[in-house]
*Asks:* 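The structure follows.
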Amino acid sequence: MSKKEESLRKKAEEIVKERRAETVTKLTEKENLKVLHELEVHQIELELQNEELMFARDKAEEISDKYVELYDFAPVGYFTLSREGDILGLNLLGAKMIGKDRSKIKKSNFALFLSVDSREVYSNFLENTFKSGKTENCEVTLLSDDGLTVNAHLIGVLSEEQDQCFLTALDITERIIAEKELKDNEEKYRTLFETERDSLFLIDKETFEILDVNDSACSMYGYSKKEMLKMKNYDVSAEPEKTIKFTQNLEERISLRYHKKKDGTVFPVDISANEILFRNRSVIFTAIRDITEQMKYEEDIVIKNEELERINAEKDKFFAIIAHDLRSPFTGFLGFTDLLKSDLKSISLNELQSIVNNMSVSAHNLFALLTNLLEWSMMQRGLTAFNPIKISVKDAVENVSGVFYDIANNKEVSLNIDLPENVFIEADKTMLETILRNLISNALKFSNKGGSVTISAESNKKDVNISVKDTGIGMDDELKSQIFRIDKKSGRKGTANEPSTGLGLLLCKEFAEKNNGKITIKSEVGKGSEFIVTFPVA
């Protein structure tokens, strides 16, 4: 009996004596109150003690439930064995590993559920556990009635009283299967490793040492196998720092890196890598492919795609010209013809002259547009003849400029030709005339009333620069950057509302380049433009 219980007992006995004395001796009122107080205190003490006992019981049940839950639903098998190996207790996973109901396993000898090959190993394990008192380990195979087997790693620990063995069983079936498959496949792996066309490496992730390579790797890099096995993986890289980082972070795929051969040749490679288990060692398996030819092929595709985009842009440009720019001159021309047809008798001679002049301008604009379209189409299809000859610049300009004097006079723009004698270039005559015709036409088109257009030339030992300069509306930097691009709309109406498609300048650029020349622009908004075409001296 505890001291607390003895104290309560003593106090209760005293209270009983007092109650008995009450029947003999009449207690005073004060004494009665004291006895009553003691009884109430004692009752409360009993109630508190009862609450403590109930709390302790609930706590013990809670701990017991948690222990049972942890024990039964643990991810490993737990067994309690006697010295003879009889199963005194086990959890649910332990019963599952054996393949029987837990109630049918208790008191059975653990050895009965082992394969014949495992029993001797287990017997020595159990004996050593009880003999040494230390933690012992072994691996065994468990058998069940349905013929299934479980490979288990056993860990044995003695109880405090040293009369029982607490056995932990880890299911290592998957690991055993994996190891067996790895061993079975090693020969196949070696065959594939050596016959693979890509360069294959086994790399130590910590030291970067090359542990193994195939014949393809030796051939690709120009080293012998003996030489490569003394190297580290960054020794074959033209970017060693990137290779070290790649190995440390183990990126699974790098589509472009640069490696180097024994002779110093640098070449592009595609790299794939994975961490694998090889002969019980974690290594990096790397496959490397020379992508020199692939990159050339991809570059060709890029070039062809750009060409296709250019062709599509040209097609769109043609459609735009046909749908809008070619239609507009016809609309004006047809309007004048309808006016003549319906009101010819009422039209004065001056009005008739004005209409005829406007029709002439429309016809010239339409003819120039159709000419450009025809020449552009022929050039894109490769049908334009190219016959470079020695040409007098002055003669070529005079032949072309004659048709523009009327247009210049109508706009009140002076057309000036300032060309030296005996300046010759080597070019195709038709292409040169097309260039001059378009540059002069544009200069007049974007000149204001009272302005001027000047055609001049200067030469040196190698080149001749032909200049067409106007004092017109000029261009900003954005328009200058787009004026020779087929995919950008650069056409704009002239100062007298003349139509423009931008196609003429594209012809000028391509014809100039076809003749080993070039075209450059100097322009400022409100101050005019100067187009300079450079040709080789004849």
Side-chain angles (χ1 to χ4, degrees), residues 302-303 305-329 365-366 368-369 371-373 375-377 379-380 404 407-408 411 413 415 431 434-456 463 465-515 517-535:
V302 170
I303 293 172
N305 284 339
E306 290 176 351
E307 179 67 15
L308 183 61
E309 289 178 1
R310 186 187 67 80
I311 292 172
N312 284 334
E314 292 170 359
K315 177 198 69 176
D316 294 340
K317 184 77 172 179
F318 274 116
F319 286 158
I321 292 170
I322 294 170
H324 180 268
D325 298 317
L326 188 58
R327 184 178 179 181
S328 296
N365 288 333
L366 186 58
L369 177 57
T371 300
N372 281 340
L373 278 171
E375 290 178 344
W376 178 265
S377 175
M379 183 179 65
Q380 296 305 309
F404 291 104
I407 298 174
K411 291 195 72 172
V413 175
L415 180 59
M431 291 184 180
T434 298
I435 294 171
L436 294 172
R437 184 174 63 249
N438 277 287
L439 293 182
I440 297 170
S441 174
N442 277 354
L444 292 170
K445 187 181 300 181
F446 297 108
S447 291
N448 293 308
K449 183 178 179 180
S452 65
V453 173
T454 302
I455 305 167
S456 61
D463 302 312
N465 296 321
I466 303 173
S467 168
V468 179
K469 185 176 182 180
D470 65 69
T471 58
I473 59 178
M475 292 178 285
D476 57 23
D477 291 338
E478 183 179 1
L479 183 57
K480 283 190 289 184
S481 68
Q482 297 177 355
I483 202 164
F484 292 124
R485 292 180 59 179
I486 187 69
D487 58 333
K488 298 292 184 179
K489 183 173 178 56
S490 57
R492 55 178 179 166
K493 290 186 179 297
T495 55
N497 211 31
E498 300 100 323
S500 174
T501 65
L503 188 60
L505 288 176
L506 289 172
L507 276 172
C508 292
K509 179 178 183 296
E510 297 210 14
F511 280 169
E513 292 174 352
K514 182 75 173 177
N515 287 272
K518 63 180 180 178
I519 184 168
T520 55
I521 311 171
K522 295 178 182 179
S523 184
E524 189 175 344
V525 175
K527 295 184 179 181
S529 302
E530 181 181 12
F531 286 81
I532 302 170
V533 190
T534 303
F535 289 102

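Below, each value reflects all heavy atoms present in this structure, side chains not excepted, and no hydrogens, waters or symmetry copies.
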*Asks:* Can you check side-chain contact (heavy atoms from CB on, under 4.5 Å) on I473 and V525, steps first, answer last?
*Replies:* CA-CA 6 Å; I473 59 178; V525 175; over 6 Å; no
*Asks:* Can you name the nearest heavy-atom pair linking F531 to I521, along with the distance?
*Replies:*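 Closest approach of F531 to I521: CE2-CG1, 3.8 Å.
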*Asks:* Keeping T471 on the side-chain end and G528 on the backbone end, is there a donor-acceptor pair under 3.5 Å?
*Replies:*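 No, because the side chain of T471 does not come within donor-acceptor range (under 3.5 Å) of the backbone of G528.
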*Asks:* Can you tell me how far CD1 of I483 sits from NZ of K509, rounded to the nearest 0.5 angstrom?
*Replies:*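 Nearest 0.5 Å value for the NZ-CD1 distance: 12.0 Å.
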*Asks:* To the nearest 0.5 Å, tell me how far L415 CG sits from F404 CZ.
*Replies:*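 Separation between the atoms: 9.0 Å.
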*Asks:* Looking at E510 and K514, does any basic side-chain N land under 4.0 Å from a carboxylate oxygen?
*Replies:*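 No salt bridge links E510 with K514.
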*Asks:* Measure across A512 and I435 and return the closest heavy-atom pair with its distance rounded to 0.1 Å.
*Replies:*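 Residues A512 and I435, closest heavy atoms: N-CD1, 3.7 Å.
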*Asks:* I'd like to know if the side chain of D476 reaches the main chain of L479, judged simply by a donor and an acceptor atom lying under 3.5 Å from each other, with no hydrogens or angles considered.
*Replies:*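 Yes; at least one donor-acceptor contact below 3.5 Å.
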*Asks:* For K527, enumerate each residue passing the salt bridge (charged side-chain N to carboxylate O under 4.0 Å, His left out) test, keeping only those at least two apart in sequence or located in another chain.
*Replies:*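 Checked K527 against salt bridge (charged side-chain N to carboxylate O under 4.0 Å, His left out); matches are E524.
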*Asks:* Which distance, rounded to the nearest 0.5 Å, do you find between the CD1 of I519 and the CG of L439?
*Replies:*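 Atom-to-atom, I519:CD1 and L439:CG are 5.0 Å apart.
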*Asks:* Closer than 3.5 angstrom, by distance alone: can the side chain of D470 be matched with the main-chain N or O of S447 as a donor-acceptor pair?
*Replies:*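 Not at all, since once roles are kept as given, no pair shorter than 3.5 Å links the two residues.
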*Asks:* Passes side-chain contact (heavy atoms from CB on, under 4.5 Å), K480 versus D477? Steps please.
*Replies:* CA-CA 5 Å; K480 283 190 289 184; D477 291 338; 3.4 Å; yes
*Asks:* What do the steps show when you test L436 against I466 for side-chain contact (heavy atoms from CB on, under 4.5 Å), and what is the final call?
*Replies:* CA-CA 9 Å; L436 294 172; I466 303 173; 4.1 Å; yes
*Asks:* Would you compute the distance between atom CZ of F535 and atom CG of N465 and round it to the nearest 0.5 angstrom?
*Replies:*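 Here the rounded value is 10.5 Å.
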*Asks:* Give a yes or no answer on whether the side chain of T534 reaches the backbone of G517 with a donor-acceptor pair at less than 3.5 Å.
*Replies:*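 The answer is no, because no donor-acceptor pair under 3.5 Å joins these two groups.
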*Asks:* A quick test of your reading: do over 12 heavy atoms of other residues, nucleotides or ligands sit less than 6.0 Å from NZ of K469?
*Replies:*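 Open.
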*Asks:* Looking at every heavy atom in both A408 and L444, which two are closest together, and how far apart are they?
*Replies:*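 The answer is CB-CD2, 3.8 Å.
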*Asks:* Roughly how far, to the nearest 0.5 Å, is the CD1 atom of I532 from the NZ atom of K522?
*Replies:*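 Rounded to the nearest 0.5 Å, the NZ-CD1 separation comes to 4.0 Å.
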*Asks:* Donor-acceptor check, side chain of S523 to backbone of M475, threshold 3.5 angstrom: yes or no?
*Replies:*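 Yes, because the side chain of S523 sits within donor-acceptor range (under 3.5 Å) of the backbone of M475.
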